Amino acid sequence: MKIGFVGLGNMGAPMAANLVAAGHGVTGYDTAAPAPEGVIRAASAAEAAKGAEVVITMLPNGAILKAVAAEIIPAMEQGAVLLDCSTVDVASAREVAALAAAAGLGALDAPVSGGVGGAAAGTLTFMVGGDAADFATARPLFDVMGQKAVHCGPSGNGQAAKICNNMILGVTMIATCEAFALADKLGLDRQAMFDVVSTSSGQSWSMNTYCPAPGIGPKSPADNEYKPGFAADLMLKDLRLSQEAAEGADADTPMGALAATLYARFVEDEDGRGRDFSAMLPRFEKRGRKGE
Ligand code: NAD
């Protein structure tokens, strides 16, 4: 396929490189990052989009996505598909899809999980909102860049799935970390705690697969001095998106709200910026009942 790719950062560059390796023709654009090997560098986002059957965007946030969409939609050919893989707010995703539809284009919101490692290995999971026909068009590209793509319904539903998943993840990671810190203070050995919880009703992905305690369970960022992995900053971004969506939809999400507050404190006032989101464990370790 002829593909345009806008946003060649930590995630976009390896995704574009995998498309090239699979034999697709990729023309890319980024305001700062260089194009990976095999990707033809365009002088603008509009130039990258021109003549492409699918234009992929992998950008930092909804405001930037909307600005880029306004530039590329007029340059795209009728029937082409705008495939946004960024994590953005549900409202921006639906706005961009409506603009694309009005211009005779298909549009999919397809945020990913799997991180930079998954992007490089081609093992991302895509959560996809949009028409079934557009999903079918993009399917071969999902197969190259990922191991799984789930069609979640109409436009915006991919972003909805992503923020609901990550709200659960943020909450369970905090719960797992505070339980380890409590177990420490009660004199319970961490290995024993893991052996019980990982096979009992307290189990979760945070405990079983991504255990925040160093030296316990499968290898995780805790075993690498909490280098990300999945940075606390990105968890904060996703939790804020979940709360923005909950506000708009009038949904009661007290645990998600508290997780957003704790990650905001961790990233903005404490030492969480640039650390893995599981570094909440050393944070709780240091604290007492009064939070000191
Ligand atoms: P990044 O900052 O490394 O990449 C974003 C790129 O967009 C940068 O290279 C930047 O120069 C470029 N850019 C910004 N404005 C632009 C514009 N107007 N035109 C063209 N390019 C522009 O970020 P990333 O880690 O690659 O993340 C991209 C998206 O993927 C984000 O929405 C993020 O939330 C999501 N995501 C990231 C991860 C992760 O682990 N990094 C995991 C899942 C989802």
Side-chain angles (χ1 to χ4, degrees), residues 4-18 26-36 39 41-49 52 55-73 75 82-90 92-93 96 108-128 142 145-149 158-167 169-170 173 210 220-221 224 226-242 244-245 263 267 273-278:
F5 207 119
V6 183
L8 299 165
N10 291 325
M11 296 291 290
M15 290 164 72
N18 282 336
V26 183
T27 304
Y29 175 72
D30 191 294
T31 43
V39 173
R41 195 182 167 86
S44 67
E47 191 186 304
V55 179
I56 301 175
T57 47
M58 195 52 170
L59 296 162
N61 58 48
I64 293 176
L65 170 67
K66 284 197 278 188
V68 168
E71 193 190 331
I72 61 180
I73 286 173
L82 175 53
L83 170 57
D84 177 46
C85 297
S86 328
T87 303
V88 304
D89 57 289
V90 175
S92 293
V96 166
L108 297 169
D109 53 291
V112 302
S113 76
V116 177
T123 56
L124 295 169
T125 294
F126 291 87
M127 297 149 247
V128 190
F142 293 139
M145 298 185 286
Q147 60 184 355
K148 193 171 178 188
Q159 299 294 350
K162 167 88 185 173
I163 58 172
C164 287
N165 180 73
N166 281 21
M167 188 172 81
L169 177 61
M173 180 54 81
Y210 204 91
S220 70
N224 190 25
Y226 295 101
K227 292 196 184 92
F230 183 47
D233 322 42
L234 287 176
M235 174 48 83
L236 175 58
K237 172 190 170 182
D238 293 354
L239 284 167
R240 282 184 166 150
L241 289 175
S242 75
E244 201 180 311
Y263 273 106
V267 168
R273 192 175 296 281
R275 302 181 80 194
D276 189 74
F277 83 120
S278 62

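All of these numbers come straight from a predicted model, not from anything done at the bench. In what follows, every heavy atom counts, from backbone to side chain, and hydrogens, waters and symmetry copies are set aside. We count ligands from 1, going down the list as the structure has it; atoms in each ligand are counted the same way.
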For atom 40 (O) of ligand 1, decide whether some protein heavy-atom distance is shorter than 4.0 Å. yes

Considering non-hydrogen atoms of the protein only, which is the closest contact for atom 27 (O) of ligand 1, and what is the distance? Met11 CG, 3.8 Å

Is there a side-chain contact between Arg240 and Tyr263 (heavy atoms, below 4.5 Å)? no

Lys162 to ligand 1: N or O pair under 3.5 Å? no

With heavy atoms under 4.0 Å as the rule, classify the contact between Val68 and ligand 1 as side chain, backbone, both or neither. side chain

Given that the side chain starts at C-beta and the backbone is N, CA, C, O, which of these parts of Ser113 lies under 4.0 Å from ligand 1, counting heavy atoms, or is it both or neither? neither

Flag the pair Met11 / Val116 as yes when at least one side-chain heavy-atom distance between them is below 4.5 Å, and no otherwise. yes

Arg41 side-chain N/O to Asp30 backbone N/O, donor-acceptor pair under 3.5 Å: yes

Write out the residue and atom name of the closest protein heavy atom to atom 30 (O) of ligand 1, then the distance separating them to 0.1 Å. Met58 CE, 3.1 Å

With no hydrogens and no angle check, is any side-chain donor or acceptor of Asn166 less than 3.5 Å from a backbone partner on Met235? no

A student checking ligand 1 against Ala33 at a 4.0 Å heavy-atom cut-off should list atoms 9 (O)

Counting non-hydrogen protein atoms only, what is the nearest one to atom 2 (O) of ligand 1? Give residue, atom name and distance. Pro60 CG, 4.7 Å

Just distances here: any N/O of Leu59 and N/O of ligand 1 closer than 3.5 Å? yes

Could you tell me, atom by atom, which parts of ligand 1 come under 4.0 Å of a heavy atom of Gly115? 40 (O), 42 (C)

Which residue and heavy atom of the protein sit nearest atom 43 (C) of ligand 1, plus the separation: Val112 O, 3.6 Å

Closest non-hydrogen protein atom to atom 9 (O) of ligand 1, residue and atom name please, with distance? Asp30 OD2, 2.7 Å

For ligand 1, is any non-hydrogen atom under 4.0 Å from Asn61's backbone (N, CA, C, O), its side chain (CB onward), both, or neither? neither

Does the protein come close to atom 15 (N) of ligand 1 - that is, does one of its heavy atoms sit below 4.0 Å from that atom? yes

For atom 13 (N) of ligand 1, the closest protein heavy atom turns out to be Thr31 OG1, 3.5 Å

For residues Ala42 and Ala48, report the shortest heavy-atom separation together with the two atoms involved. CB-N, 3.6 Å

Ligand 1 atoms in contact with Ser86 (distance to a heavy atom under 4.0 Å): 32 (O)

Side chains of Phe142 and Leu83 in contact at under 4.5 Å (non-hydrogen atoms): yes

In ligand 1, which numbered atoms sit nearer than 4.0 Å to a non-hydrogen atom of Ala32? 11 (O)

What is the nearest protein non-hydrogen atom to atom 36 (N) of ligand 1, stated with its residue, atom name and distance? Thr87 OG1, 4.1 Å

Is a side-chain N or O of Lys162 found less than 3.5 angstrom from the main chain of Val112, in a donor-acceptor match? yes

Check each of Asn10, Val6, Ile64 against atom 3 (O) of ligand 1 and report the one with the nearest heavy atom. Asn10

Do Tyr210 and Asp276 come within less than 4.5 Å of each other through their side chains, counting heavy atoms only? yes

One finds that the ligand 1 atoms under 4.0 Å from a non-hydrogen atom of Leu234 are 39 (C), 40 (O), 41 (N)

Polar atom proximity, Lys237 to ligand 1 (N or O, under 3.5 Å): yes

Side chain Lys237, main chain Asn61, donor-acceptor under 3.5 Å: no

Is the shortest side-chain heavy-atom distance between Phe126 and Leu108 below 4.5 Å? no

Nearest-0.5 Å distance, OG of residue Ser92 to CG of residue Leu59: 11.5 Å

protein heavy-atom neighbour closest to atom 4 (O) of ligand 1 works out as Gly9 CA, 3.4 Å

Below 4.0 Å from ligand 1: does a non-hydrogen atom of Ala45 turn up there or not? no

Atom NZ of Lys227 with >12 non-hydrogen neighbours under 6.0 angstrom: yes

Close side-chain approach of Asp84 to Gln159, heavy-atom, < 4.5 Å: yes

Are any of the side-chain heavy atoms of Tyr29 and Glu71 separated by less than 4.5 Å? no

